[in-house]
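Accompanying notes for the structure given below.
Any value given below was found using the heavy atoms of this structure, including those in side chains, with hydrogens, waters and symmetry copies removed. Chain identifiers are assigned alphabetically (A, B, ...) following the order of the sequence lines, protein sequences preceding nucleic acid strands; residue numbering begins at 1 within each chain.
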Amino acid sequence: MLDSKLIRETPEVVRAAIAKKHLEIDLDAILAIDASWRAQLQEVEALRSTQKGANSAMAALPKGSPEFAAKVAEMKAVSSQVKERDARLKETEERFRTAMLSVPNLPHASVPDGRTPEDNVVFSLHGAHDEPRPHALPHWEIPGFDRLFDFARGAKVTGAGFPFLVGDGARLARALLQFFLEEGSKAGYVEVSPPIFVNAASATATGQLPDKEGQMYETTPDHLYAVPTAEVPLTNFFRDEILDESVLPVYRCAYTPCFRREAGSYGKEVRGLNRVHQFDKVELLKWVHPATSYDELDKLREDAERLLQKLQLPYRVLLMCGGDLGFAQAKKYDLEVWAAGQKRWLEVSSCSNFEAFQARRAQIRFRSKESGRTELVHTINGSGLAVGRVQAAILENNLESDGRVRIPEVLVPYFGRAHLSFQ
RNA sequence: GGAGAGGUGGCUGAGUGGUCGAUAGCGGCGCUUUGCUAAAGCGUUGUAGGGGUUUAAAUCCCUACCGGGGGUUCGAAUCCCCCCCUCUCCGCCA
């Protein structure tokens with residue numbers, strides 16, 4: 001959510017920023033609702049003030065007196081007016097809130113112009129992704145893959161896109177998680193194990209609701225949502241709190257399984273581990289002082305990149321253009337790992353600065369030492385990393401002539417062996 | 001799941017229909033006293049929205065907020081209803 005003052009006072013700035021995201025928002029309609037809200041608010045507040053004044057006067061009067069009775073009669077009219085206008089005011093307020101929730105975050109000045117994924121800028125390129133790998137296969141075609149990643153039985157037990165990980169498949173996932181969390185701790189992120197169901201208020205604060213409702217699994221009868229990413233419970237940790245400035249920046253990391261309905265996905269995009277309904281991920285998250293948020297975003301991106309470097313996987317960093325930025329992001333980098341068998345890039349991390357967009361919805365503030373006032377923090381997050389697709393990349397890039405997969409050196413202590421076997 | 005007790009400001013804790021945004025204590029901040037520390041005394045102390053003034057801020061005015069939502073009433077922290085959460089006992093259980 002944006003600051004309503006920003007829209008009120010500099011609508012042209014907001015208009016230009018929204019255009020950069022290639023979205024259509026009727027700002028004039030929002031401004032009109034805002035104007036009528038303020039007019040209604042002043043009316044109601046004036047009536048309330050009258051009520052309060054009368055109340056003080058009545059407190060001093062004897063209860064049975066004619067003056068008292070007269071006041072009661074007089075105030076009855078005011079009371080019914082307040083009720084009626086307050087109801088209208090609340091209605092307007094709700095309309096305004098709904099309209100404001102439809103306004104996207106503004107892209108940062110450093111975000112490149114562009115409309116589609118093709119317009120994203122390749123920010124950096126690492127490793128030799130174009131080096132020939134004669135044994136490479138799409139991971140789902142590797143002999144024995146189905147034994148370690150059992151999609152058929154997962155489909156029987158739950159549904160499509162819920163694979164069982166068996167034997168070395170499960171072992172590789174666990175090794176990666178352990179590695180990611182250890183590296184996160186070393187980089188200063190305090191490990192958190194959050195709830196994996198959240199309520200509607202939390203999902204709204206991080207922006208999943210209302211616009212991405214169909215992407216989450218919802219439970220009955222309690223109406224809790226299975227988290228699509230640890231970002232949701234983690235960001236909400238400090239919801240409705242005022243932090244001491246001295247605790248900033250706060251670094252946290254968390255592993256959770258992530259649940260995504262992925263309605264509408266199809267084809268090659270979703271083969272094998274490319275896109276599943278449940279996958280493991282470690283999320284990195286920061287709450288920072290607004291003045292430092294872009295430096296902190298770069299540092300977080302580097303923390304995520306380091307994981308791919310240590311795993312010795314070829315990858316690239318994309319700087320997302322305005323049109324491919326998410327609704328809530330002010331700036332976003334995607335980390336994409338090279339999958340040598342499929343000969344394509346797979347997104348394994350998305351590192352974003354939300355500025356105050358999430359913090360305003362979630363009311364996460366700090367008390368500024370300088371001004372003594374409360375200010376919204378900036379939130380930054382990114383995967384560090386998504387396990388399923390990193391697994392896919394390891395299987396495809398490290399497949400050897402004997403049909404085994406070489407485990408990256410840094411992972412050997414966690415995995416326990418130097419090779420993964422499909423037997 | 002059953003029964004009971006609760007939820008008030010940063011914390012503890014008063015307040016059962018009317019000048020209550022709310023007694024008091026602690027903590028925080030400021031000042032005074034003091035060689036320093038400690039202690040004492042005095043003062044101060046939340047959040048949000050709107051308006052006015054201003055280059056802006058501060059100040060000023062108004063309104064809301066006593067877990068959340070609704071109701072009763074001229075008037076609700078206080079009475080009624082629903083929901084959430086915490087604690088105690090019982091039941092169940094990894």
Side-chain angles (χ1 to χ4, degrees), chain A residues 1-10 30-101 193-205 209 218-225 233 236-248 257 290 356 359-377:
Chain A
M1 196 148 56
L2 289 181
D3 189 348
S4 51
K5 280 193 189 121
L6 193 67
I7 294 184
R8 195 181 297 155
E9 285 159 19
T10 55
I30 295 174
L31 286 168
I33 300 172
D34 179 52
S36 91
W37 171 73
R38 275 185 293 164
Q40 290 177 35
L41 180 67
Q42 282 169 44
E43 252 183 15
V44 169
E45 288 190 347
L47 288 169
R48 286 238 171 84
S49 188
T50 309
Q51 276 186 314
K52 275 186 105 168
N55 197 30
S56 309
M58 288 168 81
L61 290 172
K63 277 253 164 64
S65 68
E67 294 93 334
F68 191 90
K71 274 278 182 200
V72 169
E74 187 189 331
M75 283 302 115
K76 267 192 183 180
V78 176
S79 177
S80 67
Q81 252 188 0
V82 168
K83 251 175 215 163
E84 182 208 316
R85 300 206 179 175
D86 192 47
R88 263 188 19 218
L89 176 68
K90 282 203 171 129
E91 208 177 287
T92 308
E93 227 161 46
E94 195 44 48
R95 278 204 297 145
F96 185 65
R97 194 183 130 77
T98 306
M100 285 301 291
L101 284 176
S193 179
I196 61 170
F197 291 97
V198 295
N199 56 33
S202 297
T204 306
L209 294 178
E218 187 181 356
T219 67
T220 43
D222 297 310
H223 299 292
L224 297 174
Y225 296 89
N236 278 280
F237 187 90
F238 291 121
R239 174 147 58 86
D240 296 322
E241 294 190 29
I242 298 172
L243 306 174
D244 197 295
E245 184 174 352
S246 64
V247 308
L248 298 179
R360 183 170 294 104
R361 287 192 183 194
Q363 285 298 299
I364 304 170
R365 293 170 289 173
F366 69 97
R367 190 170 298 284
S368 162
K369 279 204 192 82
E370 202 184 329
S371 67
R373 302 158 67 82
T374 58
E375 271 183 65
L376 294 161
V377 301

Reading nucleotides 49-63 of chain B from the 5' end, what letters show protein touch, with B for base, S for backbone sugar-phosphate only, - for no heavy atom under 4.0 Å?
-> BSS------S---BB
Between A:Arg88 and A:Glu93, is any pair of side-chain heavy atoms under 4.5 Å apart?
-> no
All side-chain contact (heavy atoms from CB on, under 4.5 Å) counterparts of A:Leu41, not counting sequence neighbours | A:Trp37, A:Glu45, A:Leu89
Report the residues that fulfil side-chain contact (heavy atoms from CB on, under 4.5 Å) with A:Val78, sequence neighbours left out, ordered by chain and then residue number.
-> A:Leu47, A:Gln51, A:Met75, A:Val82
Base partner of B:G21, which must satisfy Watson-Crick or wobble distances under 3.5 Å = none
Of B:U19, B:G18, B:U47, the nucleotide closest to the side chain of A:Ile242 is B:U47
When A:Ile196, A:Thr219, A:Leu209 are each screened for side-chain contact (heavy atoms from CB on, under 4.5 Å) with A:Tyr225, the one that passes is A:Leu209
From CA spacing to verdict: salt bridge (Lys or Arg N to Asp or Glu O under 4.0 Å), A:Asp244, A:Arg367 = CA-CA 6 Å; A:Asp244 197 295; A:Arg367 190 170 298 284; over 6 Å; no
Within 6.0 Å of CZ in A:Arg97, more than 12 heavy atoms from elsewhere | no
Spacing of A:Glu375 atom CD relative to B:A48 atom C1', expressed in whole Å = 16 Å
Within 6.0 angstrom of A:Phe237 CZ, more than 12 heavy atoms from elsewhere | no
B:C29 and B:U86, which share atom name P, separated by this distance in whole Å | 33 Å
Think A:Thr374 has a side-chain N or O under 4.0 angstrom from the OP1 or OP2 of B:A48?
-> yes
Distance, C1' atom - from B:U78 to B:U88, rounded to whole angstrom | 26 Å
Now, which nucleotide makes the Watson-Crick or G-U wobble pair with B:G6, with each of the two distances under 3.5 Å?
-> B:C85
Between B:U45 and B:U59 - P atom distance, rounded Å = 11 Å
Nucleotide opposite B:C93 in a Watson-Crick or G-U pair, distances under 3.5 Å | none
According to the Watson-Crick and G-U wobble definitions, with both distances under 3.5 Å, which nucleotide is paired to B:G75?
-> none
Applying the 3.5 Å cut-off to both distances, the Watson-Crick or G-U partner of B:A58 turns out to be none
Per-nucleotide protein contact string for nucleotides 66-86 of chain B, where B marks a base within reach and S marks sugar-phosphate only (heavy atoms under 4.0 Å, - for neither) = ------SBBS-----------
Just wondering, do A:Ile7 and A:Leu31 contact through their side chains at under 4.5 Å, heavy atoms?
-> yes
Determine the interatomic distance between P on B:A22 and the same-named atom on B:C60; round to the nearest Å.
-> 15 Å
For atom C1', what is the distance between B:C90 and B:C20, given to the nearest Å?
-> 41 Å
When the P atoms of B:C83 and B:G4 are considered, how many whole Å apart are they?
-> 15 Å
Would you please name every residue forming a ring pair (Phe, Tyr, Trp, His ring centres under 6.0 Å) with A:Phe238, sequence neighbours left out?
-> A:Trp287
A:Arg367 side chain near B:G46 phosphate (N/O to OP1/OP2, under 4.0 Å) | no
Taking a pair as Watson-Crick or G-U wobble with both distances under 3.5 Å, which nucleotide is matched to B:U32?
-> B:A40
Expected output: side-chain A:Asn236 to main-chain A:Ser202 donor-acceptor under 3.5 Å | yes
May I have the distance from A:Glu241 (atom CD) to B:U47 (atom P), rounded to whole angstrom?
-> 15 Å
Does any N or O in the side chain of A:Gln42 come within less than 3.5 Å of the main-chain N or O of A:Ala39, such that one atom is a donor and the other an acceptor?
-> no
When the C1' atoms of B:U54 and B:G28 are considered, how many whole Å apart are they?
-> 31 Å
Should B:A64 form a Watson-Crick or G-U wobble pair with both distances under 3.5 Å, which nucleotide is its partner?
-> B:U47
Separation of B:U47 C1' from A:Phe366 CZ (nearest whole Å) = 16 Å
What heavy-atom pair brings A:Pro290 and A:Glu375 nearest, and what distance separates the two atoms?
-> CG-OE1, 4.1 Å
d(CG, A:Leu243; P, B:U47) in whole Å = 14 Å
Distances under 3.5 Å between nitrogen or oxygen atoms of protein and nucleotides 92-94 of chain B:
none

Got A:Ile242 and A:Gln363 here, is their nearest side-chain heavy-atom distance under 4.5 Å?
-> no
Given the P atoms of B:U19 and B:C82, what is the spacing between them in whole Å?
-> 29 Å
